[in-house]
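For ligands, and for the atoms within them, numbers begin at 1 and follow the listed sequence. Just so it is clear, the model here is predicted, and its values are computed rather than measured.
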Amino acid sequence: MSETINPEFVCYRHPNRETRLRCNNCDRLICAECAVKTPTGYRCKECVRGFQKKFDTAKPQDYVLGVVIAAVLAYLGGLIAQYFGFFIIFIAPAIGIGIAELVRRAVKRRRSKRLFQAITGAAIVGALAQALPFFLLSNFNLFALLWPGVYVFFMVSSLYYRLSGIQIR
Ligand SMILES: [Zn+2]
Ligand SMILES: [Zn+2]
């Protein structure tokens, strides 16, 4: 005995699966595997992909520009921050926000998650490049990495939050 499938209610990609679920954007029938839960209801994978593309406005040159600016500023920020000792915990987030604002202006507020990740990665590399010589000169004393580590953590987390936390109008 095999299950009879109502051909009027099958997934648009899997004609052997019966379903009553529809994508709330294009109204096609979708099976459980093809359905993606979004804040506004279930959607097919194609509609979800199209939706993401609309918010991914970054151009290739934005990656170059963003990465270079973030790395250089994170490096310079580290040079300044090392003179502040404990106050680094106040200075570092300000530097992170400053970098985020400058980068956002440079890339004309275009955005994509991958761009933000690349910028954040570049800021980590720039900050570590500044801290590394001290680590080497101190004979690999991990304590020499304490304040640079604090700087990287606070700077990078506020940079990433500033970049990605701003909602699209
Ligand atoms: Zn759809
Ligand atoms: Zn399916």
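Of the angles at the Zn ion (ligand 1), the one spanning SG of C47 and SG of C44 is 100° when given to 10°. When ND1 of H14 and SG of C11 are joined through the Zn ion (ligand 2), the resulting angle is 110° to the nearest 10°. Between SG of C23 and SG of C26, the angle at the Zn ion (ligand 1) works out to 100°, rounded to 10 degrees. When SG of C34 and SG of C31 are joined through the Zn ion (ligand 2), the resulting angle is 110° to the nearest 10°.
The pair R104-E101 meets the salt-bridge criterion, with a side-chain N (NZ, NE, NH1 or NH2) lying under 4.0 Å from an Asp/Glu carboxylate O.
A side chain to side chain contact (heavy atoms under 4.5 Å, CB included) with R28 holds for exactly one of R13, E46, R43, R22; it is E46.
For K59, the NZ atom counts as loosely surrounded, since its 6.0 Å shell holds 12 or fewer non-hydrogen atoms of other residues, nucleotides or ligands.
Ring geometry, F90 versus F87: the interplanar angle falls from 30° to 60°, so the pair is classed tilted.
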